[in-house]
> 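Shown below is the structure under consideration.
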2 protein chains.
Amino acid sequence: MSRVPFKEQVLRVREDAIVEAVNRLLVSKGYDLMTVDEVAAEAGMSKASLYKHFTSKEELAAAAMVRVMDRTLAVVEGRRDQSADASALEQLRAVVRWTLQVQLAGEMPTLPSHNSRLVSTLKEHRAYMDRLLQLSEFLGEWITEAQAQGDINPDLPPELVLFTLFARACDPVLPLLKAGGQYQDDDLVDWVCATTFSGLTGPVPAKARRIRNAA
Amino acid sequence: MSRVPFKEQVLRVREDAIVEAVNRLLVSKGYDLMTVDEVAAEAGMSKASLYKHFTSKEELAAAAMVRVMDRTLAVVEGRRDQSADASALEQLRAVVRWTLQVQLAGEMPTLPSHNSRLVSTLKEHRAYMDRLLQLSEFLGEWITEAQAQGDINPDLPPELVLFTLFARACDPVLPLLKAGGQYQDDDLVDWVCATTFSGLTGPVPAKARRIRNAA
DNA sequence: GTCTATACCCGGATAGAC
DNA sequence: GTCTATCCGGGTATAGAC
């Protein structure tokens, strides 16, 4: 077996602690209000040490996004291999469900789209862009398959479907309802998942359809 | 007729210019990256003068939100009075369409939900909260009516429906697709509106339903 | 590589003359 | 009420000793 130098292991552990802290802070305060001092404090080191691992605040954010991308890719690839009998629509629905659960668990980081420095850092970031493209391809296959089977509206551009699914990762509806505090997490996930695929109208029972069409 | 003092007219005009500038900057850079210096420059006055009208950056943001609320309330009340024959669902759909168009036109301001100072300023802000509640009541009536008629899924909490509609005002799908630049604005509005009410599955033609249910 | 201390800058808010 | 000039907190990033 190949020996991993002890020093590198320590390095990895510390960097994991940093990225973990960034993730927590991105969730709780958002990128702009997150300070590098806080990250260092949460990760248990000084700010200067932190800057030896990551060269800028933008790089910290990118690392957190890489981490969540890896988690997502693991889920997607897992379902590819082990639930290959599921329909494309079911696969997509399962991924959305998982995304909503991660968000409810307070583990889904998001970044402000307005910050142009941050956006360009991400666009240059190989590790991040590779994973983003990889994920888009996986989902894209399921999307076109579901459209071919008529499970997703074939008139919609696949791009729009993809973005709509991505958008569930930062859907404001979930935190708003959770803040109200009068619903079970599972119900929230069910409802948002249902509206994503079936809309507010909902899956129309045959009876209601007849009545409405008659009107 | 009651005479409006000239000085007050000037005041109003200048404050309109300020709020207009804030709106533009909120759209283009977002709250965090918007600086009060920029607002003053765009409004054509010095920062110190600006602070005579609005006492803080948060108040500026609140004023912009009041403005967009007023625009929205005008649309809603207009449809109430002049399109009273439309179904509740049609009314809601029309409001969503209008919202999406405003967003595409680059006139829809949004605020970061993470900033707790900002959030508490808004919660204390009478003018803003009054309008928010008023709008929620108007939409709430249409929502329960549409649910009673079976046009909106009655199993969904009205709250969730309301939040889902509100969320269209800051839907990231629209700007993402617009950035791609290969679709007409009208199509984008149609598609997002369709997915909001009918979901990604889309309005299911009877034929497809039979085929799928048989499988 | 880790720390303490600090340079440097930017942005919100204000002082004080007019 | 408007301006110029300034304060001051806080944030990113770095210097330099260990």
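So you know, we letter chains A, B, ... as the sequences are listed, proteins then strands, and number each from 1.
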> Just the rounded figure in Å: distance from P of D/dT12 to CD of A/E59.
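My rounded result for the distance is 15 Å.
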> Grab the CZ-P distance between A/F54 and C/dG1 for me, whole Å please.
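Rounded to the whole Å, the gap is 13 Å.
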> Using whole Å, report how far CZ of B/F6 lies from P of D/dG1.
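It works out to 12 Å between those atoms.
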> Side-chain contact test, heavy atoms from C-beta onward, threshold under 4.5 Å: evaluate it for A/F166 versus B/P172 and give yes or no.
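Answer no - side chains too far apart.
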> Between B/Y51 (OH) and D/dT4 (P), how many Å, whole number?
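That distance rounds to 17 Å.
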> If we check side-chain contact (heavy atoms from CB on, under 4.5 Å) with A/M108, which of these qualifies: A/V27, A/L100, A/V68?
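Single pass found, and it is A/V68.
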> Taking atom P of C/dG11 as reference, at what distance in whole Å does atom CG of A/D32 sit?
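That distance rounds to 12 Å.
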> Is atom CZ of B/R117 surrounded by more than 12 heavy atoms (other residues, nucleotides or ligands) closer than 6.0 Å?
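No, because the 6.0 Å sphere around CZ of B/R117 holds 12 heavy atoms or fewer from other groups.
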> In whole angstrom, give the distance that lies between atom CG of B/L60 and atom C1' of C/dG11.
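Checked: the CG to C1' distance equals 14 Å.
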> Do A/K57 and A/Y51 meet the cation-pi criteria used here (NZ or CZ under 6.0 Å from the six-membered ring centre, within 45° of the axis)?
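The answer is no, since A/K57 fails at least one limit relative to A/Y51.
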> What contact category does A/S56 fall into here, base, sugar-phosphate, or nothing, at under 4.0 angstrom with non-hydrogen atoms?
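Sugar-phosphate contact only.
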> Atom CG of B/N115 and atom P of C/dG11: how far apart are they, to the nearest Å?
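B/N115 atom CG is separated from C/dG11 atom P by 16 Å.
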> Could you state the CG-C1' distance from A/D37 to D/dT12, rounded to the nearest angstrom?
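A/D37 atom CG is separated from D/dT12 atom C1' by 9 Å.
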> Does A/Q184 CD have over 12 foreign heavy atoms under 6.0 Å away?
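No, CD of A/Q184 has 12 or fewer neighbouring heavy atoms, counting only those of other groups under 6.0 Å.
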> Set out, line by line, the N/O atom pairs under 3.5 Å between protein and nucleotides 3-7 of chain C.
residue	atom	partner	partner atom	Å
C/dC3	OP2	A/S46	N	2.8
C/dC3	OP2	A/S46	OG	3.1
C/dC3	OP2	A/S49	OG	2.6

> Any sub-3.5 Å donor-acceptor pair from A/E137's side-chain atoms to A/Q134's backbone N or O?
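Side chain of A/E137 to backbone of A/Q134, a donor-acceptor pair under 3.5 Å: no, none is there.
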